[in-house]
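For reference, the structure is listed below as structure tokens.
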There are 2 protein chains.
Amino acid sequence: MSDLGAQLRARGKRLTTQRERVLAAVGRLGHATPDEITDSVGDDGGAALPVSTVYRSLDALQELGLVGHTHVDHRSPSYHLAEHATHLHVVCRGCGWVGEVPLQMADELVARVDDQLGFAADVSHAAVHGLCRTCREAL
Amino acid sequence: MSDLGAQLRARGKRLTTQRERVLAAVGRLGHATPDEITDSVGDDGGAALPVSTVYRSLDALQELGLVGHTHVDHRSPSYHLAEHATHLHVVCRGCGWVGEVPLQMADELVARVDDQLGFAADVSHAAVHGLCRTCREAL
DNA sequence: CTACGTGCAAAGATTTTGCATCTTG
DNA sequence: CAAGATGCAAAATCTTTGCACGTAG
């Protein structure tokens, strides 16, 4: 993936195995916390990485716009590939279930916010809380 | 505010000055982190409260549904009165500005999510990221 | 070579917990 | 009184930082 290298270089940064491995781990996991990513990095057969490197790599990759993150629960942000950010999250307060919803469902909201505030909303980084079908019926 | 007492008692909890003061502080501040709330509690002339009590009070008040919280930035949740939750937040990635948007703007999103997933979304607890008018034009 | 990045360990920041003591109901 | 809450300080989490050494370009 020399493309990654090019993007990094364009920003005065460098391509390192660590960054490649962190990016790969994020891709493998879909959505994951820094902690989960750290655990997963070793799954490619290579050596484990210190958490600090994972954090710094995520920062770098985020600066390039390759990954993004959302706050699904109280603690720990959840990282995902930017290209995978074609949805927003719904998080159940009852059971913790996390679902994905196509961005288009929020089109109207985005349009209205733009209209009234001139605010360019990026809904793909949003988490909406509520109750899933099951927990809702359980009440 | 005997109502607060009644609600607490109904849950097997008790009414204490600390809880009243934390609730009052949240009301005064509108939106605030546990830290800011701790600082503000003293503003009513009373003694300061230990952070742990503030956290426990917020938990209790949240359990009663009197306060809620959102994750505006990386660290620290922001608490607000539930009755004040008539809006959702838009957070500017550029300057950190936080705006409020009437819930109705998300009505369609809520309806669609309900329709397709049976998920009861509570958008008042949501933070949508993006760029405010100013930062947007600055690009 | 010369930045920039990595490892490691220590420091920060934030939240939670154990326990003796005090209060509410 | 008895069940809960509080205070305080210590522990647990989660993230960031300093610094000497390694390495991409």
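In the text below, chain A, chain B and the rest are named by the order of the sequence lines, each starting its count at 1.
Contact between the side-chain N/O atoms of Thr16(A) and the OP1/OP2 oxygens of dT6(C) is found at a separation under 4.0 Å. Checking the phosphate oxygens (OP1, OP2) of dT23(C), no side-chain nitrogen or oxygen of Gln18(B) falls inside 4.0 Å.
In this entry the distance linking CZ of Arg19(A) with C1' of dG22(D) reads 14 Å, nearest Å. Computed from coordinates, the Leu61(B) CG to dG4(D) C1' distance equals 15 Å when rounded to whole Å. Per the geometry, CG belonging to Leu49(B) stands 14 Å off P belonging to dT23(C), to the nearest Å. Rounded to whole Å, the distance from CZ on Arg11(A) to C1' on dA3(C) is 18 Å. Between His71(B) atom NE2 and dT14(C) atom C1' the separation is 13 Å, expressed in whole Å. Here the C1' atom of nucleotide dA9(D) and the OH atom of Tyr55(B) are 16 Å apart, to the nearest Å. Remark: P of dA13(C) and CD of Glu36(B) are 15 Å apart, rounded to the nearest angstrom. Summarising the geometry, the separation between CD on Glu63(B) and P on dG4(D) is reported as 12 Å, rounded to the nearest angstrom.
Under 4.0 Å is where a charged nitrogen must lie from a carboxylate oxygen, and between Glu137(B) and Arg133(B) no such pair does. Ion pairing between Lys13(B) and Glu63(B) holds under the 4.0 Å rule for side-chain N and carboxylate O. With respect to Arg28(B) and Asp44(B), no salt bridge is recorded, no charged nitrogen being found less than 4.0 Å from a carboxylate O.
For Arg56(A) against dG7(C), a side-chain N or O and a base N or O form a donor-acceptor pair under 3.5 Å. Counting distance only, with no hydrogens placed and no angle test, the side-chain atoms of Arg14(A) and the base atoms of dA3(C) include a donor-acceptor pair under 3.5 Å.
Ranked by how close their nearest DNA chain D nucleotide is to the 5' end, Asp59(A) and Lys13(A) are led by Asp59(A). Taking for each of Thr17(B) and Ser76(B) the nucleotide of DNA chain C with the nearest heavy atom, the 5'-most of the two is the partner of Ser76(B). Both Ser52(B) and Gly12(B) sit near DNA chain D, but only Gly12(B) has its closest nucleotide nearer the 5' end.
Each of dT6(C), dT15(D), dG25(D) was ranked by its minimum atom distance to the side chain of Arg9(A); first place goes to dG25(D). With dG5(C), dG7(C), dA5(D) as the candidates, the nucleotide lying closest to the side chain of Pro50(A) is dG7(C).
Ring geometry for His125(A) versus His80(A): interplanar angle over 60°, hence perpendicular rather than tilted (30 to 60°). Relative orientation of the His87(B) and His31(B) rings is perpendicular, given thresholds of 30° and 60° on the angle between their planes.
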